[in-house]
K.L.:
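This is the structure, below, for whatever I ask next.
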Amino acid sequence: MAPVPLAIRTAEPSDLPGLLALYRELNPADLPIDAEIAKARFETIAAHPGMQLFIGLADESPAASVTLVIIPNLTRGGAPYALIENVVTAERYRKRGYAGALIAHAVETAWQDGCYKVMLLTGSKDPATLRFYENCGFVSDKTGYQIRRP
């Protein structure tokens, strides 16, 4: 079976149902988000300076997504930095290079916006997942910490 080409673009309001389906695959234990709250959050994301939600479409179907946040900065000569979050590919589209293509698109967007670095955190300990991010060009040379709301 020949791979289906991936079309990458910024997510639009009509993509919200597909995005929510992808996010259910990313975090299956999460409680479903109320439709009105989801719509309001999407509008906030779309209006937020420096925040972009990219979607990859295969046969016009949501196949993968990634969020890019570009953060203004007062160090490094004022060069911003970027954070990639919520990397997800629908199970039926995995192992086709779609997530890698979306990550490459997000990284290139960050470089075009003058970022001096792009960060990505993962909670996965799966060696295949870690290798995937390394194959995308990321290096594990810092220590990340988080604190979650109780």
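Everything numeric in this text was worked out from a predicted model, so none of it was measured.
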K.L.:
Do Thr122 and Phe132 have side-chain heavy atoms sitting under 4.5 Å apart?
P.N.:
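With C-beta onward as the side chain, the pair stays apart.
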K.L.:
Working note: Leu57 + Leu6, criterion side-chain contact (heavy atoms from CB on, under 4.5 Å); need CA distance, chi angles, decisive distance, verdict.
P.N.:
CA-CA 5 Å; Leu57 302 168; Leu6 188 71; 5.5 Å; no
K.L.:
Is the shortest side-chain heavy-atom distance between Ile33 and Tyr23 below 4.5 Å?
P.N.:
no
K.L.:
Got more than 12 heavy atoms from elsewhere within 6.0 Å of NZ, Lys39?
P.N.:
no
K.L.:
One pair to check against side-chain contact (heavy atoms from CB on, under 4.5 Å): Tyr81 and Ile70. What are the steps and the verdict?
P.N.:
CA-CA 6 Å; Tyr81 58 94; Ile70 296 177; over 6 Å; no
K.L.:
Could you tell me which non-hydrogen atom of Pro80 sits nearest to which non-hydrogen atom of Gly114, and how far apart they are?
P.N.:
CD-O, 3.5 Å
K.L.:
What class does the angle between the rings of Tyr98 and Tyr93 fall in, given that below 30° is parallel, 30 to 60° is tilted and above 60° is perpendicular?
P.N.:
tilted
K.L.:
With a 4.5 Å cut-off on side-chain heavy atoms, are Ile84 and Phe54 touching?
P.N.:
no
K.L.:
Which pair of non-hydrogen atoms, one from Gly18 and one from Pro62, has the smallest distance, and what is that distance?
P.N.:
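Heavy-atom minimum between the residues: CA-CG, 3.6 Å.
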K.L.:
Got a donor-acceptor contact below 3.5 angstrom from the Asp34 side chain to the Ile37 backbone?
P.N.:
yes
K.L.:
I want to check something: taking the side chain as every heavy atom from C-beta on, are Leu26 and Asn86 in contact at a cut-off of under 4.5 Å?
P.N.:
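They are in contact (side-chain heavy atoms under 4.5 Å apart), so the answer is yes.
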K.L.:
Is the number of heavy atoms from other residues, nucleotides or ligands under 6.0 Å of Gln112 CD greater than 12?
P.N.:
yes
K.L.:
Distance alone, cut at 3.5 Å: any donor-acceptor contact between the side chains of Ser124 and Asp126?
P.N.:
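Distance-only check fails for Ser124 and Asp126.
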K.L.:
Minimum heavy-atom separation for Ala99 to Thr89, with atom names?
P.N.:
CB-OG1, 3.4 Å
K.L.:
Mind checking whether Leu83 and Glu85 have side chains closer than 4.5 Å, heavy atoms only?
P.N.:
yes
K.L.:
Please determine whether the number of non-hydrogen atoms from other residues, nucleotides or ligands lying under 6.0 Å from atom CZ of Arg76 exceeds 12.
P.N.:
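12 or below, so no.
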K.L.:
For the residue pair Cys136 and Gly100, what are the closest heavy atoms and their distance?
P.N.:
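Here Cys136 and Gly100 meet closest at SG-CA, 4.1 Å.
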K.L.:
Indicate the atoms forming the closest heavy-atom contact of Arg148 with Gln146, along with that distance.
P.N.:
NE-OE1, 3.2 Å
K.L.:
Rounded at 0.5 Å granularity, tell me how far NZ in Lys142 sits from CG in Leu121.
P.N.:
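With rounding to 0.5 Å, NZ (Lys142) is 11.5 Å from CG (Leu121).
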K.L.:
Given Asp15, which partner from the list Ile55, Thr10, Leu20 fulfils the side-chain contact (heavy atoms from CB on, under 4.5 Å) test?
P.N.:
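Single pass found, and it is Ile55.
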K.L.:
Might you work through the side-chain contact (heavy atoms from CB on, under 4.5 Å) test for Thr67 and Gln52, ending with a clear yes or no?
P.N.:
CA-CA 6 Å; Thr67 301; Gln52 293 177 279; over 6 Å; no
K.L.:
Please check this pair: side chain of Asn73 against backbone of Ala79, looking for a donor-acceptor N/O pair closer than 3.5 Å.
P.N.:
yes
K.L.:
Could you tell me whether the side chain of Arg41 reaches within less than 4.5 Å of the side chain of Glu43, counting heavy atoms only?
P.N.:
no
K.L.:
For the hydrophobic clusters of this structure (ILVMFWY residues joined by side-chain heavy atoms under 4.5 Å, transitively), does one cluster hold both Val66 and Val69?
P.N.:
no
K.L.:
Are Val88 and Met119 connected into the same hydrophobic cluster when the rule is that any two of I, L, V, M, F, W, Y join if their side-chain heavy atoms are below 4.5 Å apart?
P.N.:
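Yes, Met119 and Val88 fall within the same hydrophobic cluster.
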K.L.:
Is there a path from Leu53 to Val118 through hydrophobic residues (I, L, V, M, F, W, Y) whose side chains come within less than 4.5 Å of each other?
P.N.:
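Result: no, two separate clusters.
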K.L.:
Just wondering, do Ser65 and Leu22 contact through their side chains at under 4.5 Å, heavy atoms?
P.N.:
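When only atoms from C-beta onward are counted, Ser65 and Leu22 do touch, with a gap below 4.5 Å.
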K.L.:
Is there a donor-acceptor pair under 3.5 Å between the side chain of Glu25 and the backbone N or O of Glu91?
P.N.:
yes
K.L.:
Are more than 12 heavy atoms from other residues, nucleotides or ligands located less than 6.0 Å from atom CZ of Arg94?
P.N.:
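Yes, the 6.0 Å shell around CZ holds more than 12 heavy atoms from other groups.
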K.L.:
In the structure I gave you, are the side-chain heavy atoms of His105 and Leu68 within less than 4.5 Å of one another anywhere?
P.N.:
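Contact flag for His105/Leu68 side chains = no.
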K.L.:
Rounded to the nearest 0.5 Å, what's the gap from CG on Leu130 to CZ on Phe138? Could you check?
P.N.:
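Leu130 CG to Phe138 CZ: 13.0 Å, rounded to 0.5 Å.
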